[in-house]
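Everything on this sheet refers to the single structure shown next.
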Amino acid sequence: MLHDPNRVYVFDTTLRDGEQVPGCQLTTPEKIEIAHELEALGVDIIEAGFPISSPGDFQSVVEISKAVKIPTICALTRANKGDIDAAVEALQYAKHPRIHTGIGSSDMHIKNKFNSTREEILERAVEAVKYAKKSVEDIEFYAEDAGRADIHYLAQMIEAVIAAGATVVNIPDTNGYCLPDQYGDKIKFLKENVKNIDKAIISVHCHNDLGLATANSIAGLQNGARQIEGTINGIGERAGNTSIEEVVMVLKTHQVLGLHTHINTKNFYELSRMVSTQMRMPVQPNKAIVGSNAFAHSSGIHQDGFLKNRENYEIIRPEDVGFPNASIVLTARSGRHALKFHLERLGYNLGKEELGETYHRFLTLADNKLDINDDDLLLLMTGDNMYIQSLLKR
Ligand code: KIV
Ligand code: ZN
């Protein structure tokens, strides 16, 4: 089968990078449940854990490998034999195993983390890939802190690990440092200057310290990367990882980019809620794509425009991401059009004058109550003003 050059592979690390967040630890059965949902979502790779890190993580990789059939199952290691041996063992039941090994690539990490030299680190990187390749065919190499690495050294490292057998090369912006054009240029440089780059897929792995993870991932894809790494809800250490749902919906919305994934986007909302509940990590209401307000229209101007034609204020259809539906929220900033819409839904068809009078009473109510629900509207229509008066007395 011919490789589709516009296909973007989706690598989910909710269960590894996401699960590193304090308080978000999951049990093995919880991880299996999420892994099944990731499979249904259509991700291509599930990073199931870091087997050497704890017996629990090791067991989770074993059990996810047994439970999941279609996606590749990936295990993280550092660039040493002990980590790689543990990953190989944990992946023994995986239908499609991948080892994700790597080492720091910035001078900051080389000096201050490894107390080493560029030459020594390069050697360790190559040795790790060669060693892992003896047991597993699919090897992904990560050049940690690539966002701050010297580009010529990074290119040298990437060329060497591909020659050693890496099938995917991950260029992490570990600290969420880069600007989108800087990150995009990095990927472009590697694409144009690494001799054997056509033998591997370039992967983007961006952190969100400056709120740029999605923008940086897209810049990487625009410049030749074809795998994106991220988590559901953007969960992850510090400010988190790239949100998979955001990147996928950017590609779907901007078809001009010519890139596509195999993700079933209708599964996003439910999976987002599952991850949030199991990891005890609420989703902020204004979170793009999956936040509770992502499809809620509340100001009068927007509501009026939305009710005339939803595309005036809706670039993504909520049903495309499995969101229950768009909502017209009633607040003191709502207009007559929104009130009319909700009253008609409840069976009240008011003439212009009656609507004007009801709207006046509605505003009094809305100024005194944060959100107006159907019960409030019914009382507004039947309550003889008693309800409003009682609120005003508070
Ligand atoms: O952010 C990072 O650099 C990582 C690597 C371990 C892939 O998570
Ligand atoms: Zn990371």
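One-based numbering, in listed order, for ligands and for the atoms of each. Keep in mind the model is a prediction, meaning the values are calculated, not measured. Values reported hereafter were calculated over all heavy atoms of this structure, with side chains retained and with hydrogens, waters and symmetry mates removed.
For ligand 1, the atoms closer than 4.0 angstrom to any heavy atom of Asp17 are 8 (O). Against a heavy-atom cut-off of under 4.0 Å, Thr174 is close to the following atoms of ligand 1: 1 (O), 2 (C), 3 (O). Of all atoms in ligand 1, listed by their number and element, those nearer than 4.0 Å to a heavy atom of His207 are 1 (O). Below 4.0 Å from some heavy atom of His205 lie the following atoms of ligand 1, by number and element: 1 (O), 2 (C), 4 (C), 7 (C), 8 (O). Listed by atom number, the atoms of ligand 1 under 4.0 Å from Glu144 heavy atoms are 3 (O). Taking a cut-off of under 4.0 Å to the non-hydrogen atoms of His100, the atoms of ligand 1 that pass are 7 (C).
Asp17 contributes atom OD2 as its closest N/O/S atom to the Zn ion (ligand 2).
Under the 4.0 Å criterion applied to side-chain N and carboxylate O atoms, Glu159 and Lys195 are assigned as salt-bridge partners.
In this structure, the side chains of Asp57 and Glu19 come closer than 4.5 Å at one or more pairs of heavy atoms. Residues Leu377 and Tyr348 have side chains not in contact (no heavy-atom distance under 4.5 Å, counting atoms from C-beta outward). In this structure, Ile32 and Lys66 have side chains that are not in contact, with every pair of non-hydrogen atoms separated by 4.5 Å or more. By the 4.5 Å heavy-atom criterion applied to side chains, Phe268 and Leu41 are counted as neighbours.
Counting heavy atoms under 4.0 Å from ligand 1, residue Glu47 does not touch it at all.
Using the six-membered ring where Trp is involved, Tyr359 and Phe362 have ring planes that are parallel, under 30° apart on the 30 and 60° scheme.
Of the candidates Asn170, Thr13, Thr77, Thr101, it is Asn170 that places a heavy atom closest to atom 7 (C) of ligand 1.
Atom CD of Gln278 has more than 12 neighbouring heavy atoms from other residues, nucleotides or ligands inside a 6.0 Å radius.
The Zn ion (ligand 2) is the vertex of the angle joining NE2 of His205 and NE2 of His207, which measures 100° to the nearest 10°.
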